[in-house]
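Reading through the structure tokens given below for one structure.
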Amino acid sequence: MSSTVRFAALYVIAIGAGQLTVLGRPDALPVIWPATAVAAVWLVSRNDSRWRWADVALLGPLTAAVLAATGTTPGPALVHGAAATIGALVFAVAAARWLPGVWTAGGRPLTTLGDLLRMLLVAIVAALAGGLPGGIAEQWITQAHSPAAVAIWVVRDVVSVLVFGAAAGRLRNRPDQPAWMEAVIVYFLSAAAYFYVFFVNQRLPIGFVLVAITVWVALRLPTVLTIGHVMVFGTTAAVFTVHDRGPFAAAGHGGLVIQLYVGVLALVGLALAFSRDERAALIERLRASEHEATEKAGLMTTIVNSMTEGLAILDQNGRLVLRNPAAGRLLGAASQVAGGAALGSDYGFFHPDGTPLSDAELPYHRALAGEDVQPMDVLIRNAAVPEGRIVRFNVARLASPGGLQHVVVIFHDVTADRRHRDELMSFAGLVAHDLLNPLTTIEGWAEVLESELAGYKPAERVSRIQRAAARMRTFLNGLLAYTAARDGKLMPTTINLQLLLTDIANSRYDQAESNGKQPPQFALGRLDAVEADPVLARQLFESLIDNALDLAVPGVPPQISVAAQPAPNGMLRIDILDNGRGIPAGMRQAVFTSFHRAEGYGGSGLELAVCKRIVERHGGTIEAMANPYGSGTRMTFTLPAGRSAYARTLENQWQHRPQTSGAAAPHPR
């Protein structure tokens with residue numbers, strides 16, 4: 001209730017002050033009417049109060065009573081009370097939708113140009129809702145028909161909200177000390193100018209020239225002083241006009257002209273002041289953002305420069321955009337690896353086995369070409385690193401907003417890790433080789449024991465020894481195969497994959513029949529020639545096909561499809577698809593690591609690791625994924641395409657060969 005009492009008291013004062021600005025005859029409308037703004041702020045601020053309807057009910061009688069007490073006849077006083085209630089209520093309802101948070105309890109004042117525009121529209125709607133019917137009703141009672149009076153009423157209410165509504169919640173903000181000095185000067189010059197135009201030389205029609213002073217104030221002084229300037233000198237112009245002073249007093253419909261003048265002052269001053277505030281706030285946010293971005297950039301630079309791993313960003317042409325000091329150290333060419341320099345194979349990039357890497361084979365060039373590049377180990381040997389260093393390249397593509405492609409490369413020194421791993425694998429291969437001799441002895445004596453104990457119960461225990469020895473031989477053979485695939489010298493030649501896979505398919509068909517198992521079904525598609533080591537190539541295809549057969553679903557005939565197609569950089573992509581149990585998505589990378597055993601698979605855990613090593617030694621990649629045509633797995637790997645005349649002859653023969661069928665007949669899946 002205390003808020004109601006305070007607003008009611010302020011509203012009474014506003015009506016009394018407005019009644020002092022009646023222009024012309026005693027029953028004329030006041031020129032300045034701050035009561036409209038007070039009523040609007042009153043009801044808006046009470047929107048969430050449980051007493052709001054009591055405030056609405058109080059507004060009309062209070063208006064009529066104060067007007068009657070100040071000399072207005074009862075009829076027009078009641079009309080003004082009803083019009084004030086309707087206008088303020090419409091304003092409060094519209095403001096709740098279009099000016100949320102403005103003037104509410106704990107809310108904010110007008111702060112932006114958008115707020116000012118919306119308040120103007122809301123004020124016009126409320127003024128038309130209250131002033132238009134109120135003016136017509138008053139003229140019907142007084143029998144004084146004057147459309148200009150109705151227009152004055154509506155414009156006066158709009159101007160009142162503009163001038164005094166903008167001041168609500170803002171006049172308590174004190175400007176900085178330097179602003180006061182300029183404000184005193186501007187206010188003094190404004191007072192002199194208004195005195196000259198409205199009192200000394202009032203016949204000179206230059207009243208609207210004074211708007212230039214308001215523009216100066218709005219552009220230079222704080223918003224609170226701009227609002228105060230509009231209120232003070234807008235009221236001054238109205239008071240002079242009320243007392244028949246100034247260029248507007250003698251004009252026809254002087255009340256309407258002075259209302260429009262004050263409205264122009266308010267709109268120009270407030271629009272410029274709010275625009276300046278928004279610009280200043282935007283500049284401040286930009287400065288804060290720039291400061292924050294600078295701090296983050298400095299922190300990021302410190303982090304990048306302190307990294308032990310090398311980092312480089314290259315553009316679409318393979319030229320360095322950014323690199324950290326560790327990248328220069330790892331590449332062994334810190335003076336050359338600078339911004340704008342091309343990072344090509346001439347820096348001494350080789351495969352880990354020592355064969356040179358071409359620019360097209362570099363991982364970041366492949367990434368820029370659209371490939372999904374897995375981490376790749378590169379041997380770096382140049383004048384700064386004559387002994388050589390193995391560096392792992394991790395590459396990721398970056399797409400900039402302008403559509404340009406960049407790549408991020410992380411360099412990690414794995415020389416010690418690879419040396420340690422190679423030593424372990426060499427030791428493992430040596431141990432495996434040395435263990436084969438005693439294992440052969442164990443297997444031989446187990447056969448002797450089995451023949452001597454035939455028909456006796458202990459013979460079953462000998463069978464267990466033989467099975468354990470067979471498992472150990474499988475494991476040792478896997479170690480030896482991995483060592484051979486890792487260290488053996490490559491002797492590449494052109495391989496007819498059609499003949500190779502037909503032979504493997506027929507051998508697996510015969511093996512299944514001899515073991516009493518359901519024979520697998522093979523479908524061989526187009527198979528161009530490859531340039532590879534024949535021993536390792538056969539081992540690769542046999543291991544992958546055996547892996548597919550080992551993961552077959554019991555009771556379901558195994559089906560294996562093999563086909564090839566050209567790949568970038570002179571490679572051939574080969575797909576082996578099966579209908580087995582498949583490999584879970586989370587294990588499709590892990591199956592290629594050493595000693596990994598899939599569930600339900602009893603191999604040594606080295607078969608797929610050997611396959612990966614063989615493919616990588618030939619410069620290719622291998623990956624496992626789900627079979628896109630049903631259950632099972634698709635193994636996809638690349639090998640160098642055949643380059644000899646024999647390979648081209650095979651390709652021509654394939655293109656002109658007739659379709660055939662059979663156990664290993666090539667036909668599309």
Side-chain angles (χ1 to χ4, degrees), residues 7 10-11 13-14 17-18 21 31-42 44-45 91 95 99 101-104 107-124 155-191 193-194 210-239 258-281:
F7 272 111
L10 183 61
Y11 186 63
I13 295 172
T21 63
V31 176
I32 302 297
W33 193 248
T36 303
V38 174
V41 176
W42 181 359
V44 169
S45 65
F91 189 98
L99 292 168
V102 173
W103 300 336
T104 57
R108 60 182 179 85
L110 297 174
T111 55
T112 67
L113 193 59
D115 288 343
L116 180 64
L117 177 59
R118 287 189 292 271
M119 187 187 72
L120 177 61
L121 295 177
V122 172
I124 291 174
V155 174
R156 180 201 66 184
D157 286 352
V158 173
V159 171
S160 172
V161 174
L162 272 180
V163 175
F164 298 98
R170 297 296 294 262
L171 296 180
R172 290 175 294 180
N173 300 333
R174 289 188 176 183
D176 297 333
Q177 186 67 28
W180 281 112
M181 300 296 295
E182 186 175 358
V184 170
I185 297 173
V186 173
Y187 271 65
F188 177 79
L189 293 177
S190 299
Y194 273 81
L210 298 174
V211 176
I213 301 178
T214 303
V215 172
W216 179 12
V217 172
L219 293 177
R220 294 288 303 169
L221 299 182
T223 302
V224 62
L225 293 179
T226 303
I227 294 173
H229 188 275
V230 171
M231 292 176 61
V232 170
F233 292 101
T235 304
T236 299
V239 170
I258 191 60
Q259 292 290 349
L260 292 174
Y261 175 79
V262 177
V264 169
L265 280 185
L267 278 176
V268 170
L270 295 175
L272 291 176
F274 286 175
S275 298
R276 188 201 56 218
D277 288 349
E278 288 187 84
R279 184 176 67 253

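Using a 4.5 Å heavy-atom cutoff, the side chains of Thr112 and Phe274 are not in contact. Side-chain contact between His229 and Leu265 is absent, with no heavy-atom pair separated by less than 4.5 Å. Looking at Leu267 and Val264, their side chains never come closer than 4.5 Å, going by heavy atoms from C-beta outward. The side-chain heavy atoms of Thr36 and Phe164, taken from C-beta on, include no pair separated by under 4.5 Å. At a threshold of 4.5 Å between non-hydrogen side-chain atoms, the residues Leu270 and Leu110 do not count as touching. For the pair Val155/Leu260, a side-chain contact is recorded, criterion being any heavy-atom separation below 4.5 Å from C-beta on. In this structure, the side chains of Leu210 and Tyr261 come closer than 4.5 Å at one or more pairs of heavy atoms. With a 4.5 Å cut-off on side-chain heavy atoms, Leu116 and Leu120 do not count as touching.
What you find for Gly269 and Thr226 is that their closest heavy atoms are O-CG2, 3.6 Å. Summarising the geometry of Leu225 relative to Ala183, their closest heavy-atom pair is CD1-CB, 3.6 Å, with the distance given to 0.1 Å. Closest approach of Val158 to Ala123, counting heavy atoms only: CG2-O, 3.8 Å. The minimum heavy-atom distance linking Ala35 with Tyr11 is given by the pair O-CE1, 3.3 Å. Of all heavy-atom pairs spanning Asp157 and Trp33, the tightest one is OD1-CD1, 4.0 Å. Of all non-hydrogen atoms in Met231 and Val163, the two that sit nearest each other are CG-CG1, 3.5 Å.
Interatomic distance, Leu162 CG to Ile227 CD1, rounded to the nearest 0.5 Å: 11.0 Å. To the nearest 0.5 Å, atoms CG (Leu113) and CZ (Arg279) are separated by 11.5 Å.
Remark: Ser275 pairs with no residue by the side-chain hydrogen bond (donor to acceptor under 3.5 Å, both in side chains) rule, at least two apart or across chains. In terms of the side-chain hydrogen bond (donor to acceptor under 3.5 Å, both in side chains) criterion, residue partners of Arg220 (sequence neighbours excluded) are, by chain and number, Glu182.
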Review item, side-chain donor-acceptor pairs of residues 211-218, under 3.5 Å, at least two apart:
none

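With hydrogens and angles disregarded, no donor-acceptor distance shorter than 3.5 Å links the side chain of Ser160 to the backbone of Arg156.
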